[in-house]
Amino acid sequence: MRQCPADLISLAHELADAARPIARTYFRQNLGLEIKSDATPVTLADRTIEQEWRRIIMEKRPQDGILGEEFGVHQPDAEYQWIFDPIDGTKAFTLGRTSFGCLIALYHVQHGFILGLCDQPITDERWVGALGYPTTYNDNELPQRSLDVRGSLRVGITNPLRFKPALQQCFDALLTQKHVIGYGGDCLNFAGIASGLIDLSFANHQSVYDVAAFVPMLRGVGAVITQSDGKPLSMDMEDGVLASATP
């Protein structure tokens, strides 16, 4: 496969378009907030968006599999697997902040992560990366990233309070130098790397639906995202991640 099939890219856009009015309906409104067994929040927006995405895929691509944060696995042995995080940054969403995104990724059994989309429905921003295509922001091609490691880095970190040793060492090293470090941001930190606004971001306790969308997106601008030990992201990962503007 040299390119992600164009009809699948169009379908990802259709999914993101379907999520926008749902997210806007619940944003700063009746959230239906609950706390899940893993102590993370979930809202009616999370569940309603993923239900709609699943309905669309089952109608238009019944042969495909689905892995979603809220409703689990459907047809895990399918050639194509859609990976959904309907609201990445639910805490930000719950607090009425716009540092959240709707994440859609597509995994192919032979070619890995071939498509990723991050949509911010309140600010009307959309990043898309696909195998064989340049990464885009609101349909405009993004330039290749470069980085002068001798200068100050712009670093986005969602939560600095629970790093495992490898990422803690990275964080401690940054604090001894003159870098610009911002906290919060969730998935928009990784989107910011694609846009040239952030140079480095890392986070602990990530599942595949949190980060899969950014593999093709960052690859398209010459950036990189891996597990915290440097291994490629995988469908069964449960680890920290490290993303940077260049290898």
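Numbering starts at 1 and runs along the sequence shown. Since the model is a prediction, treat every value here as computed from it, not as a measurement.
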Name all pairs fulfilling the ring-ring contact (aromatic ring centres under 6.0 Å, His included) condition that reach into [range], sequence neighbours left out, sorted by first residue then second.
| range | answer |
| --- | --- |
| residues 122-165 | Trp127-Tyr137, Phe163-Phe171, Phe163-Phe202 |
| residues 78-106 | Phe27-Phe93, Phe27-Phe100, Trp53-Phe84, Tyr80-His108, Phe93-Phe100 |
| residues 209-247 | Phe190-Phe214 |
| residues 226-247 | none |

Residue list, side chain to side chain donor-acceptor pair (under 3.5 Å) with [X], at least two apart or on another chain:
| X | value |
| --- | --- |
| Ser152 | none |
| Asn159 | none |
| Thr94 | none |
| His74 | none |

Using the test side-chain contact (heavy atoms from CB on, under 4.5 Å), find all partners of [X] that sit at least two apart in sequence or belong to another chain.
| X | answer |
| --- | --- |
| Glu52 | Ala18, Ile22, Arg55, Ile56 |
| Arg47 | Glu34, Val42, Phe71 |
| Asn189 | Thr158, Ile198, Ser201 |
| Leu95 | Arg97 |

